Amino acid sequence: MEPHSQQLPVVGTLQNLPETPTSKFPTNIVHKVRENLVFQSKWAEINGAMGDLGTYIPIVMALTLASDLNLGTTLIFTGMYNIVTGAIYGVPMPVQPMKSIAAVAISNKEEFGIPEVMAAGICTGGILLILGCTGLMQLVYRLIPLSVVRGIQLSQGLSFAMTAVKYIRKDQNFYKSKSGGDRPWLGLDGLVLAVFCACFITVVNGAGEDRGEREINNSNLCEEERHRSRRRRIRKIISSLPSAFMVFLLGVVLAIIRRPKVVQDIKLGPSSIQAVKISKHAWKEGFIKGTIPQLPLSILNSVIAVCKLSADLFPGKDFSATSLSVTVGLMNLVGCWFGAMPCCHGAGGLAGQYKFGGRSGGCVTLLGAAKMVLGLLIGSSLVMVLDQFPVGVLGVLLLFAGIELAMASRDMNTKDESFVMLICTAVSLVGSSAALGFVCGIVAHVLLKLRSGIMHSTRIP
């Protein structure tokens, strides 16, 4: 009896204990990924995927033609980045080439080749990863005034818009990264085509009003007169057209028409993926000429500005500067060893994809899948098609992305905020350096705060 009586409390205790919960960690992850990848509107998400191509295609094409970048490898890796970031963040988080590194490689291709480009990308990625893991990036994000961030966004948006106008007005030689003579009015890459595409996108998308607002307005159709109801229905049909996707398809068709033999020159099969050999000299040159000018731009535009812009465009999804810094770092520490173009996020790409309808991670996941398919099927031979793509059409896509990014700065309501923002913007544009504009914006912000404090303390009661 004694042994049995000793077991009774144990049994009772076991019965009263709660059941050991089954781990829901994998299930939660799968549910979160599915939620992040759900299309909010099928055609709008497809259309939004085109919003970043005005930046992506010219830089990647120029590097492929001028510096022998492995386009197939770049497509595969950037496609993977798109898919992963879309699943993680649940918004159209862009993957863009690092512009400062690309500019050095294009302008100085004899001394700054692929090994130097990859060394610069690895060094930049490593530093961003360290800043993210140590929490320093989040600290920087909290300390930087919003007016300075808006100045960086405004300068970047205007820079994109001015580059876009140059693409539209002038013939471009991406191999030499130079503009030629005036673009002819007529032709398969003429001014008339670019102006038509710009007008078409403006009519369809307007100034970028939110789609949700349109749906709310259209819910009162039964209260309107019959003719107003019909007019609103027509407006709804027009606004639902995938304008950027249609313009991009038009560009592909015109590229084939401009050089029909390009289809025969395409070779099926992926490009060979090989590890890049980086010498000590390449590490040194890559860090000095590539990493040092790229790092301020990556911190400001790829992390800080993207955090601020994502909070504006997607109020329910605020991303930490730490996570963005880590993902940019990991992207480059993985792909650059194999010759993939150094990449980062970018406020311009996020604004462009949002402008054309991207609202979920499914937008960039679809783009990433398309990149991977093209990289695996035809590899680097795709550059022959891109070389014939109407540059004016790319300019139109880039123009609207730049305007959307610049419009994020419209919330500066006080004179002090606007003053700091415009100082930062002016210096960034004229000095061609986001870092210099950032420093001047911080100085202006501090001086205004000091002046405000002095004026307040000396005020006569």
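All values reported here derive from a predicted model rather than from experimental measurement. Starting from 1, each residue takes its place in the sequence as its number.
Using a 4.5 Å heavy-atom threshold, the side chains of I122 and I278 count as touching. With a 4.5 Å cut-off on side-chain heavy atoms, S243 and N47 count as touching. Between P184 and D171, some side-chain heavy-atom pair lies under the 4.5 Å cut-off. The closest side-chain heavy-atom distance from I57 to F389 is not below 4.5 Å. Within the 4.5 Å cutoff, the side chain of Y141 has no heavy atoms near those of the T322 side chain. Between Q156 and L300 the shortest side-chain heavy-atom distance does not fall below 4.5 Å. Side-chain atoms of I266 and L382, non-hydrogen and from C-beta on, never get closer than 4.5 Å to each other. The shortest side-chain heavy-atom distance between I442 and P145 falls under the 4.5 Å cut-off.
The aromatic rings of Y81 and F77 lie tilted to each other, with the angle between the two planes from 30° to 60°.
The closest donor-acceptor contact from the side chain of R183 to the backbone of Y167 lies under 3.5 Å.
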Passes salt bridge (Lys or Arg N to Asp or Glu O under 4.0 Å), R259 versus D265? Steps please.
CA-CA 10 Å; R259 188 167 174 259; D265 296 336; 3.0 Å; yes
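Taking CG of N301 as the start and CE of M98 as the end, the distance is 11.5 Å to the nearest 0.5 Å.
Judged by distance alone, the side chains of Y89 and T327 do bring a donor and an acceptor atom under 3.5 Å apart.
The six-membered or imidazole ring of F314 lies near that of Y354, with a centre-to-centre distance under 6.0 Å.
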